[in-house]
Amino acid sequence: MLDNTNTKVQLEGKVRIPSGCAISGIFAQDGELFSGRDIITSIAVMHDRSNGLGGGFAGYGIYPKHKDKYAIHMFYDSEDDRGKAERRINKYFSYVLSEQIPTQKHPNIKDAPLIYRYFAEPLTEQLEKAQIDEREYVARFALRVNADEDELKGAHVISCGKNMGIFKANGFPEDVGEFYKLDEYKGYCWTAHGRYPTNTPGWWGGAHPFGLLDYSVVHNGEISSYDANRRYLEMFGYTCSLQTDTEAITYIVDYLNRKQGLELEDVAKVMAAPFWSTIERMDEKEKAAYTFLRRRYGNLLVTGPFSIMLGFTGGLMVLGDRLKLRSMVCGHQQNKFYAASEECAIRAICPEIQGIHSPRSGEAVIVRLEENK
Amino acid sequence: MDLYVYPEFEVVRNEKKCICCQACSRQCANLVHSYDEATDCMEADDSKCVNCHRCVTLCPTKALKIVKSDHTFRPNANWSQATINELYLQANSGGVLLSSMGNPQPHPSYFDRLLLNASQVTNPSIDPLREPMETKVFLGRKTPVPPLEANNTTAVPEPYNPDGTLKTEMSPQIELSMPLMFSAMSYGSISYNAHASLARAATQLGICYNTGEGGLHKDFYQYGPNTIVQVASGRFGIHADYLDAGAAVEIKMGQGAKPGIGGHLPGKKNVGQVAQTRMTPEGSDAISPAPHHDIYSIEDLRQLVYSLKEATGNRKPIIVKIAAVHNVAAIASGIARSGADIIAIDGFRGGTGAAPTRIRDNVGIPIELALACVDARLRDEGIRDDVSLVVGGSIRSSADWIKAIALGADACYIATGALMALGCHLCRSCHTALCNWGIATQRPDLVKRLNPEIGTQHLVNLVHAWQHELKEVMGGMGINSVEALRGNRLMLRAVGMTKEEMNMLGVKMAGESA
Ligand code: SF4
Ligand code: SF4
Ligand code: SF4
């Protein structure tokens, strides 16, 4: 329940809360489905980078039975809120299954909201009426529910992509993983996040990853361009209702990749653009492309420290800021790609890994399923 | 008999220091000083002094100072001394009061009540001496050019060519090394040497200066890439080569110092090459009509925008400059939809070479509020990418400049500040054409006083100093590229404002968390 005894402290979304973090990700390039156990073990090593005020995971390939349906994960403050939200869901979607997401009691995880998931598809009639494509339809639904301060105040869309899901809570990430029994799921990609907010009422919805459609973002840092980015994104119907960097970054990716049609490689060049002095030294063709991206999308340049992991269907992108102000290392071993804030988080699950390295500042490392290449 | 107005200033000469060299009398074009041979003494006619400090600066023994007269009327909180004197002047002359430079009235400044942010602990500040700190900007439309007949289509164009490379074509833009330009001041209102200084400094700095409405002297075509050419309602000095000479064309619809009325160059200044450049008869008053007589509405503006685009082969961005007036947000929105690439807004404190005093002091609104509401309005309508916003109207320091960018400006215009770097002492007498500093005058002996080399250097110094300050502040905020400061209103906090004022500016109260 969103049952805050200290009512003077403002909830995330009403106030912007700086935080530091730990992140980790594992990706099986051959599409092997592996249990969520490893990612829990990995993020647990970086216990000291979190402070128990938020942890979460994103898994891809975890719902093979319903892989063509949008897996909508929801938090509700109360049964009443669930009723209201389900009426809204029913208005726009039909679903084959709605259920409580299985959890187990955990001594460190308290104040849980009602946690539900729906495997849904848009109602054809509504979709046609809206005259927008299916993904836009789902995205608008999620954005509107989350920005609703009124009737649906107590309902939050946590994730809404196909064959993926986000699991998050107020607590240390390893405890959150156990709470959701993630070792019972199998996916080809997992990311995890442990949070170190400087001040927070500890709200479940404020934990990360943050997701929209099949995009999920875990992020470590505090971006100084936040309000410039946010105000720009608002022009295109995005409301940063949580006031977090992660949310803004997710929307930047959604806007550039899905709406503007830029490849993720180019999305990275917008967000962590090289300095003009570097662009100056490029060959003509590259210079033209980089210059165009900065001129066209300069409002989505992200400054200040960040390292992020972006999960998407069939792939994972790792990106750091243009000055490399936040740590991130990555490496390959056999069929798997690993990335984390600290090397120890990778060694904990893959001690034999060779050639761990740090991507350069602003360098995007993108791995995709072999079948997609 | 005229009603007597006691001089505002008194010239104080320290007789012990004065060596009767008469430099002061040679320097003062207002003929204040004179030498009395009979007494071997210097004399001064206080009534003519405009307090420009020329004599004070050049007196070799520093024997001079100008003080405000302590002569007084019976104190009256309602009738200030200035109000009484101005009333007498009008009773004498029957005319409109004329004045120049910016609004001197004590209206509240919003810039002064905005404070900037810096990083502590949770994210690092960046040291501009050790890390790159980018100030380069491009001004102009960011979205693809709409053809004249298109009715705002929303379809997103495919970003890649069939061979997989990015489509990199863009609407024409101006590139600036930093988001600052010298605002419009016509050749005529200011001197040849002042223009030369601005043009050369803009070129050295990688920014632009603006011709104003007086055309472009043939000597300055060489600075074209750093020049914005203006088209005002008088259409002075406009021909095909002129339009093509600059980096952009600015349509002047209005000016902050005198919204609603046109430019006015007194015949005294419209002489020689000034008249030639303007293509007007020498010695005649060059008066621009209040409106453009081919623009009575927004559709007409659209036609002029597109004519100028066509005339320049679609290679130059078109700027539309307006004064900040009450309905500025709606007007700006209309301009953004008229095909303009850049909107320039001039606040009510902006300077001028000549304006009716009552208009200068009472018409228009502060630039901070105009900027905040225009930026918000264009975003609400989803068309902020279609135009860049340039603001001016009393950007006095890098602090004002930085705050304007954080409020949402793509760049700022400075003019009064630039003239001060050239020596202007804000005597507000430009309309008399007797500027002792060689700026707002066309009298050759006065113009000569402004050395364009030194003028250029002072302008370059000033702008570099501001750029350093911008970088320091950005670094402190953890921002290393000025795009990320633009519209970043969380970097601003208000002190001493009402809720409405903070709402209008879109900023929070100091002490409030983000
Ligand atoms: S007008 Fe200027 S130069 Fe003349 S006396 Fe006054 S201050 Fe000196
Ligand atoms: S310039 Fe100075 S020293 Fe020379 S006459 Fe004037 S007041 Fe005297
Ligand atoms: S430009 Fe010249 S006349 Fe105008 S205010 Fe400055 S010093 Fe006075």
Side-chain angles (χ1 to χ4, degrees), chain A residues 10 14-20 196-199 221-232 234-237 243 245 256 259-263 266 269 273-278 285 287-306 321-323 325-326, chain B residues 117 119-126 131-138 140 142-144 156-160 164-171 173 175 375-376 378-385 406 408 410 474 477-492 506 512-514:
Chain A
Q10 287 188 304
K14 294 278 173 285
V15 62
R16 205 170 122 73
I17 296 161
S19 62
Y196 200 127
T198 47
N199 143 31
E222 185 188 337
I223 61 180
S224 51
S225 56
Y226 173 78
D227 211 37
N229 303 144
R230 175 191 70 86
R231 295 185 68 231
Y232 185 75
E234 278 189 351
M235 274 210 289
F236 311 106
Q243 296 202 33
D245 296 346
L256 292 175
K259 289 198 170 169
Q260 293 287 299
L262 287 188
E263 299 290 345
D266 290 332
K269 289 172 195 166
F275 290 98
W276 288 114
S277 52
T278 312
K285 249 179 139 173
K287 193 196 280 184
Y290 277 90
T291 304
F292 167 79
L293 290 171
R294 286 200 69 175
R295 283 170 66 173
R296 173 72 184 87
Y297 297 112
N299 289 306
L300 294 177
L301 172 73
V302 179
T303 59
F306 69 89
D321 65 77
R322 48 206 317 240
L323 288 182
L325 296 169
R326 281 291 186 274
Chain B
N117 192 27
S119 325
Q120 297 287 292
V121 184
T122 53
N123 79 359
S125 42
I126 303 170
E131 305 280 355
M133 192 58 69
E134 302 189 310
T135 59
K136 186 207 286 261
V137 292
F138 290 87
K142 296 195 171 62
T143 44
V156 178
E158 164 61 36
Y160 297 95
T165 55
L166 257 181
K167 288 183 187 160
T168 55
E169 211 184 312
M170 288 202 69
S171 301
Q173 295 186 330
E175 179 180 338
D375 178 64
L378 296 178
R379 285 169 193 268
D380 286 349
E381 297 185 7
I383 52 175
R384 184 65 181 81
D385 261 1
D410 290 87
M474 277 170 39
M477 292 171 173
I479 287 177
N480 53 13
S481 199
V482 75
E483 295 103 295
L485 176 64
R486 177 174 57 225
N488 198 331
R489 294 192 187 171
L490 270 185
M491 291 296 169
L492 297 168
E512 233 183 304
S513 287

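As a basis for the values below, the full set of heavy atoms in this structure was taken, side chains included, without hydrogen atoms, waters or symmetry mates. Naming: A, B, ... by sequence-line order, numbering from 1 per chain.
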_For chain A, the option from Arg486(B), Arg489(B), Gln173(B) that forms the most heavy-atom pairs under 4.5 Å_ =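 Heavy-atom pair counts peak at Arg489(B).
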
*Considering only heavy atoms and a distance below 4.5 Å, find which of Glu175(B), Glu131(B), Glu169(B), Glu483(B) pairs most often with chain A.*
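The answer is Glu483(B).
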
*Could you tell me which of Arg296(A), Arg230(A), Arg294(A), Arg231(A) has the largest number of non-hydrogen atom pairs under 4.5 Å with chain B?*
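Highest number of pairs under 4.5 Å: Arg231(A).
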
*Go through Thr291(A), Leu262(A), Leu301(A), Leu300(A) and name the one with the most non-hydrogen pairs under 4.5 angstrom from chain B.*
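So the answer, after comparing Thr291(A), Leu262(A), Leu301(A), Leu300(A), is Leu262(A).
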
Go through the atoms of [X] and report whether side chain, backbone, both or neither lie under 4.5 Å from a heavy atom of chain B.
X         : result
Arg322(A) : side chain
Glu234(A) : neither
Tyr232(A) : both
Lys259(A) : backbone

*asked:* Looking only at the side chains, is there a donor atom on one of Thr303(A) and Ser224(A) sitting less than 3.5 Å from an acceptor on the other?
replied: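 Note: Thr303(A) and Ser224(A) side chains meet the donor-acceptor criterion.
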
*Taking atom types as modelled and ignoring hydrogens, do the side chains of Tyr160(B) and Glu263(A) form a donor-acceptor contact shorter than 3.5 angstrom?*
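Not at all, the side chains of Tyr160(B) and Glu263(A) share no donor-acceptor pair under 3.5 Å.
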
Minimum side-chain heavy-atom gap [X]-[Y] below 4.5 Å:
X         : Y         : answer
Tyr226(A) : Leu490(B) : yes
Asn299(A) : Arg384(B) : no
Phe275(A) : Leu323(A) : yes

Which region of [X], side chain (C-beta onward) or backbone (N, CA, C, O), has a non-hydrogen atom less than 4.5 Å from a non-hydrogen atom of chain A, or is it both or neither?
X         : value
Ser125(B) : neither
Ile126(B) : side chain
Leu166(B) : side chain

*asked:* Is the positively charged end of Lys167(B) above the ring of Phe292(A), judged by distance under 6.0 angstrom from the centroid and angle within 45° of the axis?
replied: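 Ring-cation test returns no.
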
*Asp321(A) (side chain) donor-acceptor with Phe306(A) (main chain) under 3.5 angstrom*: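 Side chain of Asp321(A) to backbone of Phe306(A): a pair is present.
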
*If you round to the nearest 0.5 Å, how far is CE of Met235(A) from CG of Asp380(B)?*
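Going from CG on Asp380(B) over to CE on Met235(A), the span is 10.0 Å.
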
